[in-house]
Amino acid sequence: MLPRIARILLVAKLMALAGPAIAADGIGIVLLHGKQGMPSSPNLSALTDSLTKAGFLVERPEMCWSRQRIYDRTYS
């Protein structure tokens, strides 16, 4: 069985490949990087490009656990 993150990425990639068939105006996806990761990581950038081309709105916020912030705030 695939790890949870692999399943999530697979679904997101399939959504991107399906493109306009399922993308509608105003549908957005928020992609979160891993611990000590960055929103500009190559994997997130490639996925963002695919989803954007398919018509989805995509956000990649820099979370408090990023490499540059290292828990400068609480999760909330």
Side-chain angles (χ1 to χ4, degrees):
M1 184 170 200
L2 289 173
R4 184 170 187 232
I5 189 68
R7 290 192 310 263
I8 292 169
L9 291 174
L10 179 61
V11 169
K13 188 63 174 180
L14 290 173
M15 288 171 61
L17 292 174
I22 60 171
D25 291 334
I27 294 178
I29 298 173
V30 179
L31 299 175
L32 302 179
H33 58 79
K35 184 177 178 185
Q36 296 186 6
M38 294 296 295
S40 58
S41 72
N43 290 338
L44 282 182
S45 294
L47 185 55
T48 298
D49 292 344
S50 296
L51 291 169
T52 302
K53 287 176 187 172
F56 294 96
L57 303 172
V58 180
E59 286 291 328
R60 296 181 296 176
E62 183 174 354
M63 304 309 294
C64 66
W65 54 81
S66 74
R67 184 179 315 130
Q68 292 180 342
R69 294 181 58 186
I70 304 298
Y71 298 102
D72 62 346
R73 294 195 176 156
T74 62
Y75 288 122
S76 59

Smallest heavy-atom separation, P61 atom then L32 atom, equals CG-CD2, 3.9 Å
With sequence neighbours left out, the residues meeting side chain to side chain donor-acceptor pair (under 3.5 Å) with E59 are none
Scanning both residues in full, the closest heavy-atom pair of Y71 with K35 reads OH-CE, 3.6 Å
Partner of S66 under side-chain hydrogen bond (donor to acceptor under 3.5 Å, both in side chains), picked from Q68, E62, R69, is E62
Separation between CD1 (I27) and CG (L51), nearest 0.5 Å, reads 11.5 Å
Heavy-atom closest pair (L31 atom, L47 atom, distance to 0.1 Å) is CD2-CD2, 4.0 Å
Contacts of S45 meeting side chain to side chain contact (heavy atoms under 4.5 Å, CB included) (sequence neighbours excluded), chain-then-number -> R60
Side chain to side chain contact (heavy atoms under 4.5 Å, CB included) filter on R67, not counting sequence neighbours, yields M38
